[in-house]
Each structure stands twice: as C-alpha cells, then as structure tokens.
Amino acid sequence: MQNIDWSKLPFGYFQTDYNVRCYYRNGKWGEIEVSSSPHINIHMAATCLHYGQEAFEGMKAYLGKDGKIRIFRWEENAKRMQRSADGILMARVPEELFHTMVSKAVKLNEHFVPPHGHGAALYIRPLLIGTGIQVGVNPAKEYLFMVFVGPVGPYFKEGFNPVKMQIVRDVDRAAPLGTGHIKVGGNYAGSLFASERAKAEGYASVIFLEAKEKKFIDEAGPANFFAIKGKTYVTPKSPSILPSITNMSLMQIAADMGMTVERRPLAVEELEGFEEAGACGTAAIISPIGTIVDRDSGKTYTFGDPSAAGPVSTRLFKKLQAIQYGDEPDPHGWVSFVE
Ligand SMILES: *Cc1c(COP(=O)(O)O)cnc(C)c1O
C-alpha cells in the first residue's frame, strides 16, 4: 500500500481495496458480495441510467485516540436512504443490511482510516441504483446497493476558513413539491450549472432559494445553511431542503450550549443582521461563510470578520468533531463502533 500524506488529502475519490454490494432481485435482497473492482456491470437499459433511479448517502468513519473506529449516527443515514427509496419508488434497503454493509466496507479497508489528529476521515458512500431494465417510464424490478469508502481531507480547500457564496435566482435546485427533501442524484444534476458558474465567478458554492417565492434561503449548495445572532442558531425550514444529519446534530449541540434554536423560513434580507453564517454537512462539517453576494443585485452581506471563523461556529464545530472523534463524551449516543 502506498504512503498516504494524511494532512494533504483532498476531498475526492480514492481507490481502496474493497467495496461491498448486494442485489435486490425477485422481491428480495440477496447475499452480500465483496469486490476489489471499482467497476460495475449493468444493462444499458437500467433505470438508473435513464430515469434517475439513484439515491446515495454520505457518512464518515473516524479513528479515535483509543484506536477504535467510530461511525456517526448511521441509523439516521439508513432511515434517510429508505425515505429516498420511497420517494423515487426503489426497493428499501433494510436498516440491518445497511449497517452490516457499511461496517463491512469500513472494516475491509481499515488501514485507509486516517489516523487521529489530521482532521481527515474515511468517507463512506452508500449508493442505491435501479439496475432492472425498462424502456417505458417505470420503476425497475431490480436494484443494486453498494458501499465504497475512501480517505478524505477537508471539503473546501480553505479548510475551516470563511468562504464566499453566491445567491442565484435563475436556477432552482429543487421544486417545492419535488425531490429536494431526499438524497437523489437528480437534484445534483439540476444544481451543477449554477455551482460551476459560481466557482468560475470566484465563489465556493451557490445559495439556492426556495423556488416558489425566491425570498427564502433553501440550501448552501450541497449543504444546509445556518446563521448565528447572539445566542440564537437559525436554520431555514422549507419542504425542498434535504434534512442534514450534521445540521440536526448542531441544533442539538447549540441547544445543549444554552442557545435558542430556530428552524423557520429565513428571508434573504434577514442576512443583514447575522453575526456568523455557515454551511453544514458531512463533507465539510461546518464551512464558515464570510461573504454572501446576491448575483442579481450585487448586494454583499458580510458576517463578522470575513477572514476568520466566528466564535460560535468554531465552538459548534469543535464540539461536534470532538464527539465524532471520541475526544469528548457522547451524551446523545450518536457514535457507534465498527468492530
Ligand atoms: C447530503 C446533503 C446535505 C448534508 O447532509 P448531512 O447528513 O449533514 O451530510 C445537505 N444538503 C444536501 C442537498 C445534501 O445532499
């Protein structure tokens, strides 16, 4: 195995030794298969290729000082993948199968779990696709559930430093009654144009607005949005937001710290009054936002010192990471060990 410079890992694909797979055929899940090939062989008429029957999850495994591998709130990812499956008529992966396959993929690639202390982790990517053939628009009768893993560093090259984001109105990520609330690839297809343009224009990511009225903040690219004012943590509520498990955990930690947590529609103009803002998700955990520019009006919102993460975001980030890495107690039972 090659020598990995753990402190310089990008957030990207990394080839490891094994991945695990399981097929759903004739109305039931089969045996778990272990593969060392990164390729899959599917029919060209598989529904995932034509009609978007694809859902995924993103999780991380962390190595503690005690040498134990921890995974964070896997039950929530398992449940969310079931909601995604229901939303686009795919076979549900049973929670136990999800857990067994995630644990197996991690265990088989144990030596790729980054050592404690670099801010790196083993990223876990469970993936459910329709493999059954259909030419007419119908859900497949066969599915493939796969889990692959790979070591990753921080999501944004800036690390835990504030990024710039751009509000757009000419592209919607998801429709109010569409699929924004489930983790399906189709949502990402619709967001690529605006994200790539934002990057070309010098931003880390796009802030999408709620599509019906375009007044309220929906999501910060592939992450949830939150903002801080005094002792209040505010995060948007909308039917087209993907419920982030990181955000759910930060809301709990904020409440534990004695903060008031508000989950409600968050109007763009309100950005003016916040001291800190951030994007949260498994990949970045928290990415502090220093500046938000409205692409239409040119209006710029800045949060605290735009060159340094704010004190509340920093405390929330450190607390959540300390729980994930096992450096501090886990009062809510979020962490489980990969044996
Ligand atoms: C996965 C995802 C998130 C973050 O969810 P976590 O459970 O915190 O990783 C946020 N928004 C979108 C659109 C996502 O796909």
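Numbering starts at 1 and runs along the sequence shown. Predicted, not measured: the structure shown is a model, and the values here were computed from it. Whatever order the structure lists ligands and atoms in, that order sets their numbers, starting from 1.
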Quick one: which ligand 1 atoms are inside 4.0 Å of a heavy atom on [X]?
{"X": "A223", "answer": "10 (C), 11 (N)"}
{"X": "P222", "answer": "2 (C), 3 (C), 10 (C), 11 (N), 12 (C), 14 (C)"}
{"X": "R173", "answer": "13 (C)"}
{"X": "Y188", "answer": "12 (C), 13 (C), 14 (C), 15 (O)"}
{"X": "N224", "answer": "10 (C), 11 (N)"}

Please report whether ligand 1 has a polar contact with G221, defined as an N or O pair separated by less than 3.5 Å (distance criterion only).
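N/O-N/O distance under 3.5 Å: no.
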For ligand 1, find out whether one of its N or O atoms is nearer than 3.5 Å to an N or O atom of S244.
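N/O-N/O distance below 3.5 Å exists for this pair.
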Please find out if less than 6.0 Å separates the ring center of [X] from that of [Y].
{"X": "F160", "Y": "F317", "answer": "yes"}
{"X": "F56", "Y": "Y188", "answer": "yes"}
{"X": "Y62", "Y": "F72", "answer": "no"}

May I ask you to establish whether K299 and Y301 are in a cation-pi arrangement, using a distance under 6.0 Å from NZ or CZ to the six-membered ring centre and at most 45° from the ring axis?
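Positive - K299 is close enough to the ring of Y301 and near enough to its axis.
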Pi-cation contact, F274 with K229 (under 6.0 Å, within 45°):
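K229 over F274 ring: yes.
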Among all protein heavy atoms, pick the one closest to atom 9 (O) of ligand 1 and tell me residue, atom and distance.
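Of every protein heavy atom, T282 OG1, 2.6 Å lies nearest to atom 9 (O) of ligand 1.
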Closest to atom 14 (C) of ligand 1 among M248, K183, E219 (heavy-atom distance)
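Closest candidate by heavy-atom distance is K183.
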Applying salt bridge (Lys or Arg N to Asp or Glu O under 4.0 Å), run through D86 and R92 and close with a yes or a no.
CA-CA 7 Å; D86 292 350; R92 278 180 164 211; 2.6 Å; yes
For E57, is the nearest heavy atom under 4.0 Å from an atom of ligand 1?
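Flag not set, E57 not near ligand 1.
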Does the side chain of S35 reach to within under 4.5 Å of the side chain of Y18, using non-hydrogen atoms?
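Answer no - side chains too far apart.
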